[in-house]
Amino acid sequence: MDASVENWPQSSVASDRTAIAVRRQITAMGSQLFEVGLFKPDAGPAESVMIPRVWDTDQVVKSVSWLRRQNCEGRNIYIRPRGEHDLSMVDDLTIHAVAAMKEAGYTPAVVVETSPGNYQAWLKHANRLNKEVSTAAARALAEKFGGDRGAADWRHFGRLAGFTNRKAKYLDASSGFYPFVRLIEAGGEVYPEADRFLTGVKNEVERQRANRERLRNGIAYMAPVRSEDLKSIEAFRADARYGGDGTRIDLAYAVYAFSRGATAAEVEAAIRSRDLSHKGNERRQHDYVERTMKKALATIDRGR
């Protein structure tokens, strides 16, 4: 147990409504270990933006008083399974989307209302998924039911019920209160369409993997040129035909470089030589670079 947790009284945890909500949620999620993240984006210079913890179910529940104190001091409380797991989290759903999931045979194991009218759903698969399939499943579910694809990957945090959502936009100016994250459902069951859905996801993952391998092999057969003989990406950026459009420039350069035997690492380094912060966080920047390179390879393949 973390020493900082032990400093907070535990006497009424068993009957505490927050502790009950927490236990119900993590029991329904069903993992042996959880990563709990205490996030405060406006943390001061002497504070950590994220305080991470790895706890089992009992440790999480015993830590509720400490977590509540941290929540009151401005930290958002998040949770996810530790390591590879059998869950997919779909973020930013409407109540109608949650209803549609159930009607289609995708009944969530856990539904959490993260702010008024916004929901997260955790779906439980029959078996643990590897990282690649888990991410593909999360993205497919987000696309199918209108969730946030940017939050869809194998280890995205979800909110832990029983605490308040401390995002500034949700502060009630009249009362000074933040909305509670509410546990709506915690059935904990594998959804009926799990086997059928995952078969499709795994087939798509294998198809994409085969396509990537085929394209890589095709590129490998091209006569490579020395890197010093390649035009630099700066030449494309200076080309008036592209009108300074960074996305068009990145794709055009990737097609040019790949078709002349450049490696993926060389193309990625060239694309990243400009500021990509407008694309979002590091994960979104990585996704942008990956999409650009895949599109370039597909363009080359179509032109043969």
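Just so it is clear, the values below take in all heavy atoms, side chains as well, and ignore hydrogens, waters and symmetry mates. Here the structure is a predicted model, which is why all the values come from computation and not from measurement.
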Taking [X] for its side chain and [Y] for its backbone only, find out whether a donor-acceptor pair lies under 3.5 Å.
X	Y	answer
Asn203	Thr199	yes
Thr135	Trp154	yes
Arg75	Gln70	no
Thr18	Gly162	yes
Lys124	Gly188	yes
Asp250	Ile271	no
Gln285	Gly280	yes
Asn130	Val133	yes
Gln25	Ala161	yes

Side chain to side chain contact (heavy atoms under 4.5 Å, CB included) between Ile77 and Leu38, worked out
CA-CA 5 Å; Ile77 312 301; Leu38 291 75; 3.8 Å; yes

Are the side chains of [Y] and [X] in contact, using a 4.5 Å heavy-atom criterion?
X	Y	answer
Phe163	Val181	no
Arg23	Asp58	yes
Glu113	Tyr119	yes

Quick one: list whatever passes side-chain hydrogen bond (donor to acceptor under 3.5 Å, both in side chains) with Lys102, sequence neighbours left out.
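Glu185.
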
Where does the angle between the aromatic ring planes of Tyr106 and Phe197 fall among parallel (under 30°), tilted (30 to 60°) and perpendicular (over 60°)?
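The arrangement is perpendicular - the two ring planes meet at more than 60°.
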
Does [X] have more than 12 heavy atoms from other residues, nucleotides or ligands lying within 6.0 Å of its [atom1]?
X	atom1	value
Asn127	CG	no
Gln32	CD	no
Arg128	CZ	no
Arg237	CZ	yes

Write out all pairs satisfying side chain to side chain donor-acceptor pair (under 3.5 Å) with one or both partners inside residues 186-195, taking only residues at least two apart or from two chains.
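Qualifying pairs, neighbours excluded: His125-Tyr191, Glu193-Arg196.
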
Single-linkage hydrophobic cluster, 4.5 Å side-chain cutoff, Val111 and Phe145 together
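They do share one cluster, since a chain of ILVMFWY contacts under 4.5 Å joins Val111 to Phe145.
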
Identify whether Leu160 and Phe34 are in the same connected component of the hydrophobic contact network (ILVMFWY, side-chain heavy atoms under 4.5 Å).
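Per the 4.5 Å side-chain linkage, Leu160 and Phe34 are co-clustered.
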
For Tyr178, give me all partners under side-chain contact (heavy atoms from CB on, under 4.5 Å), at least two apart in sequence or on another chain.
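side-chain contact (heavy atoms from CB on, under 4.5 Å) list for Tyr178, sorted by chain: Thr164, Arg166, Leu171.
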
Atom pair CD (Gln59) and CG (Leu33), whose distance is rounded to the nearest 0.5 Å
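Here the rounded value is 8.0 Å.
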
Arg139 with Asp287: basic N within carboxylate O range, under 4.0 Å
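Judged by the 4.0 Å cut-off on N to carboxylate O distance, Arg139 and Asp287 do form a salt bridge.
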
Measure from the ring center of Phe236 to the ring center of Tyr256 and say whether it is less than 6.0 Å.
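Centroid distance Phe236-Tyr256: below 6.0 Å, so yes.
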
Could you walk me through whether Glu84 and Ser134 pass side chain to side chain contact (heavy atoms under 4.5 Å, CB included), step by step?
CA-CA 8 Å; Glu84 293 183 343; Ser134 186; over 6 Å; no

